[in-house]
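Note on naming: letters A, B, ... go to the chains in the order of the sequence lines (proteins, then strands), and numbering restarts at 1 for each one.
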Number of protein chains: 2
Amino acid sequence: MSTMETRPRLPAAERRESILAAASVVFGERGYAGATTDQIATAAGISQAYVVRTFGSKEALFVEVARRAVGRIEAAFRAAIADDDGRPVARRLGQAYIELVADRGILLSLLHIFSLGSDPAIGPVGRDGFLTIYRLVRDEAGLSPEDASHFLAEGMLINTVLALQLHGSDDPDAVELVTQVCGGDLGHFRTLAGG
Amino acid sequence: MSTMETRPRLPAAERRESILAAASVVFGERGYAGATTDQIATAAGISQAYVVRTFGSKEALFVEVARRAVGRIEAAFRAAIADDDGRPVARRLGQAYIELVADRGILLSLLHIFSLGSDPAIGPVGRDGFLTIYRLVRDEAGLSPEDASHFLAEGMLINTVLALQLHGSDDPDAVELVTQVCGGDLGHFRTLAGG
DNA sequence: TGTACAAGTAATCAACCGATTACAACCTGA
DNA sequence: TCAGGTTGTAATCGGTTGATTACTTGTACA
């Protein structure tokens, strides 16, 4: 369950990373307001006081988690663009995205960033990140504005299906919808997402 | 700012409605965990104790708000299907949806329902609601599974754009993206959503 | 009229949370 | 070796929150 259980002392840089990994999971499960610094500390195997002191505040920690999540999407998309295996680029991007948000911590971090769009500290991070991704699929992957928009739309539906855990439902309509969403490869989708 | 400011005593049924209206706004602004029963009470013009006693708990109140939000989508979609003005049904549904989620309370209630997909009390409400909407656009509006899926995807992108408040941004790429999302009628979109 | 129930609140409680402080343990190098 | 910086924690504090209790006020109707 916990991300780190090693006991020995760690250099500050590594400790930061382990806290960020734990925070991504806990923020994902409970949301920004719902998560506590103590839950994050327990998941990271350290004291609550150390979590707060390392990042200054709970809000600063969440902003850093949000930036990391956007950064991982960027990196995955650039890799998918560079690794041309003959399939259309949108297809490669889609698969890269699904593999990424199969990590529930990242998925739910994204959703929480969206719903905090009017927060003065987190809103700008979300807007900049989303536009960065839009520019990336338009300019670097070469999609038209219309195709880029459709691609993002499919991604947002994937978010919703995974968040609601509609994969894993055996309702026939759910199966039909999820099959549409994952482009037909339901088995692979469920394996990735743990449905 | 507040939804109700009338002072006189109200029968329980009407008071329930006014609390639900206030709760939709406050839950939307702060999220489930972030909203307090006292903020809801203030918005409804009554005491915090009465809010809790009327619904039993904060969670029960949120579940009711969530059910109402799904119900409003259902109702709006049925109306859009029935009111055939010659435009394609998907177009009518899209406009009805935008008019609905221009209400930030409803929009953010939906997003919070999604991110609470693994909550034992709220998750089932979200799954049932989403599948109900899927069946509605497929069976009653007559869209193919593929078209229905695309329609829902566009809706989820609309959610994200509105939540992040990308309408209202003057970044040229944001304008381009939002124009795609709203089907070209940027002015009308911004008027509705207050960007 | 008066009483019984419905509408509504003030006051309070136990639990929780983020942050601060003060301190302990460990490591490095001069 | 011992001084100083780094890693880490225990204890605690002020503020907040959802919920409970005991109470007041209004009103329908027999």
Practice problem: Answer whether the closest heavy-atom distance between the side chains of A:Phe55 and A:Phe62 falls below 4.5 Å. | Solution: no

Practice problem: Could you tell me how the ring of A:Phe77 sits relative to the ring of A:Tyr97: parallel (under 30°), tilted (30 to 60°) or perpendicular (over 60°)? | Solution: tilted

Quiz prompt | With sequence neighbours excluded, residues passing side chain to side chain contact (heavy atoms under 4.5 Å, CB included) with B:Asp85 | solution = B:Arg87, B:Arg92

Quiz item: In terms of side-chain heavy atoms of A:Leu10, which of C:dA7, D:dG8, D:dT9 is nearest?
Solution: D:dG8

Self-check item: Pair listing, salt bridge (Lys or Arg N to Asp or Glu O under 4.0 Å) test, anchored in residues 53-62 of chain A, at least two apart
Solution: none

Quiz item: Where does the angle between the aromatic ring planes of B:Phe27 and B:Tyr32 fall among parallel (under 30°), tilted (30 to 60°) and perpendicular (over 60°)?
Solution: tilted

Exercise. Classify every nucleotide of nucleotides 24-30 of chain D by which part a protein heavy atom approaches to under 4.0 Å, writing B for the base, S for the sugar-phosphate alone and - for neither, in 5'-to-3' order.
Key: -BB----

Quiz prompt | Base versus backbone protein contacts along nucleotides 13-20 of chain D [heavy-atom cut-off under 4.0 Å; B, S, -] | solution = ----SBBB

Quiz prompt | Partners passing side chain to side chain contact (heavy atoms under 4.5 Å, CB included) against B:Asp171 (at least two apart in sequence or in another chain) | solution = A:Leu131, A:Arg135, B:Ser169, B:Asp173, B:Ala174

Self-check item: Between D:dG8 (P) and A:Phe55 (CZ): distance, integer Å
Solution: 13 Å

Practice problem: Would you indicate, yes or no, if D:dG8 has its OP1 or OP2 atom less than 4.0 angstrom from a side-chain nitrogen or oxygen of A:Tyr50? | Solution: yes

Practice problem: Write down the distance between CZ (B:Arg16) and P (C:dA6), rounded to a whole number of angstrom. | Solution: 16 Å

Quiz item: In terms of hydrophobic clusters joined by side-chain contacts under 4.5 Å, are A:Leu157 and A:Leu166 together?
Solution: yes

Quiz item: salt bridge (Lys or Arg N to Asp or Glu O under 4.0 Å): which pairs involve residues 139-165 of chain B, sequence neighbours left out?
Solution: B:Arg78-B:Glu140

